[in-house]
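Please read these numbers as outputs of a predicted model, since none were measured by experiment. Atoms considered below: every heavy atom in the structure, side chains included; atoms not considered: hydrogens, waters and symmetry mates. Throughout, residue positions are numbered sequentially from 1 according to the sequence presented.
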Amino acid sequence: MAIPTNLTKNTIVEAINFIEQNGIPDKNKSTKYDLLANSGKKYPPKYVIAVANHLMNGAEMSAGTYNAVEAKNFIENLGYEVVSKQENYELLITSDAVKSTDEKFVVEDLTLGDNYKPLESYFKSSQGDVIRRKYNKGERRNTNQTMPRIAFQLFENNIESLPVKEKEDFPVCQYTSNTEIIRGIFSSVTEFKKHRNSIEYLTYNYGKDRQFIIYCWNIFSTIIFVRECLKRFGNDGDQFVLTYREKYKKETILAETETETETETKTEVGKQIQQSNEHMNDYSDDLIESRNIIFRGAPGTGKSYLAKKIAADIISNGNFDDYTLLTNEQKKQVEFVQFHPSYDYSDFVEGLRPKTNDTDSMGFELQEGVFTKFVNRAQKNYDDSQKKYVFIIDEINRGEISKIFGELFFAIDPEYRGIAGEVSTQYSNLHDNPDKKFSIPDNVYIIGTMNDIDRSVDSFDFAMRRRFRFIELKAEEQLEMLESLGEELKTEAIKRMSHLNNEISKVAELDENYHIGASYFLKLDHLTFEQLWTDYLQPLLHDYIRGMYDEEEIMKKFEKGYGFSTFKVGDDHDNTDNQG
């Protein structure tokens with residue numbers, strides 16, 4: 001029997017409510033697809049249709065008359081999102097062997113790690129004791145560095161006692177049998193870079209101002225290191241366990257929600273906000289704790305990119321951090337604005353706007369600004385339910401802050417959220433209820449971004465500085481945004497960026513605030529390295545050094561560092577503006 005045509009979206013809602021109350025029989029659990037509800041919960045499409053048919057038509061609650069693909073297509077045609085289930089794999093590392101439940105895994109090709117995402121890592125002793133990583137506050141969970149950090153945590157004293165030469169010879173990674181063995185446990189980034197000039201490393205802090213630095217890149221890149229630790233310092237039967245999955249394409253990433261490790265905190269409805277200690281991004285906890293943060297740093301360090309990732313991370317309660325994967329309803333919990341010199345209070349809070357009256361004459365009416373509308377949505381949700389709202393202000397320092405925020409300086413203070421921070425707005429006498437105060441509820445979080453080298457930073461309002469937590473982003477951070485370029489292009493981009501920034505740091509008048517960030521290299525999806533240099537990086541760098549005594553020689557060093565030469569070999573007089 002085909003799927004009944006009289007089933008509607010409302011009957012699907014009724015079916016979901018029925019399943020919530022009665023559960024899903026084991027025989028009806030999905031193995032291929034999940035219906036993703038607005039709540040973020042997942043349900044087996046075939047069983048949902050069977051329940052809907054039962055409730056609507058009195059039919060037997062059976063899902064055996066149509067297949068999974070038919071159920072998927074029917075549910076999607078009603079406007080629901082259906083996601084594919086995906087298999088998780090388990091990798092076991094002992095001193096003798098490395099084995100995975102993934103048939104594609106081979107220890108002779110660890111470059112495959114670029115295609116996978118870690119879900120959990122832990123150490124299991126020969127006695128059966130399980131040890132997991134100790135996290136500092138705000139640290140990101142389940143990253144490519146989790147497993148080697150557990151190894152350092154367990155064998156810190158053993159590694160520390162090794163002679164310097166043994167540390168330098170310690171095997172860390174060998175991607176394939178035909179490539180070099182990457183070696184070395186170093187005491188500082190400087191020492192690491194003497195042996196391998198790369199930004200692909202792990203920093204493990206221990207003791208007082210002491211560090212271990214090793215090479216680390218993809219999820220498999222430290223398998224050799226971990227196994228060597230077991231050989232030297234472990235007991236027979238000790239093992240590391242890594243659970244992982246393939247990286248999702250955007251249309252299927254939401255299927256991950258049941259495999260993420262997260263901690264749920266019970267809340268009093270309408271009074272407390274659900275807090276998750278398992279966000280994907282290590283900056284998400286900073287925002288939850290501080291409520292207002294500003295990302296500052298050099299151009300192209302991915303500040304806006306990171307802000308949207310954090311918003312998605314928080315809105316999805318740690319299930320994913322890709323903003324494009326938020327549902328339309330979830331996107332209403334995020335607002336994005338960009339400040340500029342002409343942006344003012346009427347744009348942000350409220351103001352009088354022209355209006356045509358019924359008599360065709362012109363007048364003015366009071367209209368809410370973008371922030372007020374956002375706060376009102378958040379307040380309604382705060383009164384009704386478990387949700388967080390994130391407001392992003394790009395280039396926050398480019399606007400005249402005191403003019404834009406006005407009396408809201410007081411209300412945005414983390415210590416004065418809710419009733420404690422109520423204020424009367426400038427146009428309160430024009431409200432239907434002039435006595436109504438403006439306040440910002442506890443479920444509103446604000447992210448600002450600003451470029452350190454922008455001259456407007458110097459005049460940034462000190463009242464705002466007291467109300468925001470400032471977090472610096474360095475150029476070598478947020479390299480994950482380059483994943484979309486593919487492994488070969490990504491590796492080349494990182495190498496050129498690193499070499500160029502080294503040259504920038506050598507200029508006395510410049511510092512790391514002038515480094516080139518990874519987001520510039522995203523343009524390589526449609527530009528060549530040559531075009532990126534001539535059309536974007538070269539003009540920016542010219543602005544950096546304009547007026548310096550040895551401007552031409554500095555540019556030549558920048559060109560060499562980047563790997564682009566605009567003058568003929570042996571001809572020191574070629575104009576650096578000519579392409580060669």
Side-chain angles (χ1 to χ4, degrees), residues 1-88 119 243 245 248 251-276 278 315-320 325-330 332-333 381 383-388:
M1 184 180 74
I3 298 173
T5 57
N6 64 341
L7 299 185
T8 65
K9 193 165 186 175
N10 286 337
T11 56
I12 297 299
V13 171
E14 292 173 4
I16 290 173
N17 291 335
F18 178 93
I19 292 172
E20 275 294 294
Q21 295 174 16
N22 298 280
I24 305 171
D26 287 342
K27 66 177 182 179
N28 294 116
K29 290 182 178 178
S30 175
T31 59
K32 193 170 183 66
Y33 299 110
D34 277 323
L35 182 160
L36 186 71
N38 288 337
S39 64
K41 292 186 177 181
K42 298 183 294 185
Y43 306 89
K46 289 180 64 177
Y47 186 60
V48 169
I49 292 175
V51 173
N53 190 23
H54 170 75
L55 297 176
M56 182 73 176
N57 302 314
E60 181 183 354
M61 207 175 295
S62 172
T65 58
Y66 40 86
N67 61 41
V69 174
E70 290 172 330
K72 170 184 178 292
N73 293 338
F74 182 85
I75 291 290
E76 286 180 331
N77 287 336
L78 290 179
Y80 282 97
E81 183 166 8
V82 178
V83 295
S84 299
K85 282 183 170 290
Q86 188 162 13
E87 183 178 1
N88 296 337
L119 298 176
T243 306
R245 61 159 173 78
Y248 284 102
E251 67 268 21
T252 60
I253 193 169
L254 288 177
E256 175 191 4
T257 53
E258 288 179 353
T259 66
E260 290 291 338
T261 304
E262 64 180 5
T263 301
E264 293 183 356
T265 302
K266 293 183 179 179
T267 63
E268 181 184 353
V269 176
K271 299 299 180 184
Q272 297 179 357
I273 307 301
Q274 183 179 11
Q275 302 291 331
S276 169
E278 298 295 338
I315 298 306
S316 70
N317 288 316
N319 289 321
F320 56 87
L325 295 168
L326 292 175
T327 66
N328 289 334
E329 283 301 311
Q330 288 175 320
K332 293 178 182 178
Q333 295 170 243
N381 183 272
D383 294 337
D384 295 341
S385 64
Q386 315 277 16
K387 293 180 181 178
K388 305 178 185 73

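Here the CD1 atom belonging to I75 is positioned 4.0 Å from the CD1 atom belonging to I49, to the nearest 0.5 angstrom. With values rounded to the nearest 0.5 angstrom, L325 atom CG is found 8.0 Å from E81 atom CD. From N381, atom CG reaches atom NZ of K387 across 5.5 Å, with rounding to the nearest 0.5 Å. Expressed to the nearest 0.5 Å, how far CD of E76 lies from CG of L35 amounts to 9.5 Å. Within the model, atoms CD of E14 and CD1 of I19 stand 12.0 Å from one another, a figure rounded to the nearest 0.5 Å.
I3 places none of its side-chain heavy atoms less than 4.5 Å from the side chain of N53. Residues Y33 and K46 are not in side-chain contact: their nearest non-hydrogen atoms beyond the backbone lie 4.5 Å or more apart. Contact annotation: the side chain of F74 never approaches that of P45 to less than 4.5 Å [non-hydrogen atoms, C-beta and beyond].
Contact detail for A50 and Y66: the closest heavy-atom pair is N-OH, 3.1 Å. Shown here for Q330 and L326, the closest heavy-atom pair between the two residues is OE1-CA, 3.5 Å.
For N22, the CG atom counts as densely surrounded, since its 6.0 Å shell holds more than 12 non-hydrogen atoms of other residues, nucleotides or ligands.
H54 places no side-chain N or O within 3.5 Å of a backbone atom of E60 that could act as its donor or acceptor partner. Under a 3.5 Å cut-off, the side chain of N77 and the backbone N or O of N73 do form a donor-acceptor pair.
Taking the centre and axis of the six-membered ring of Y80, the NZ or CZ atom of K9 falls inside the cone set by 45° and 6.0 Å.
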Note to self: Test side-chain contact (heavy atoms from CB on, under 4.5 Å) on L55 and T11; report intermediate values, then the result.
What the structure shows: CA-CA 8 Å; L55 297 176; T11 56; over 6 Å; no
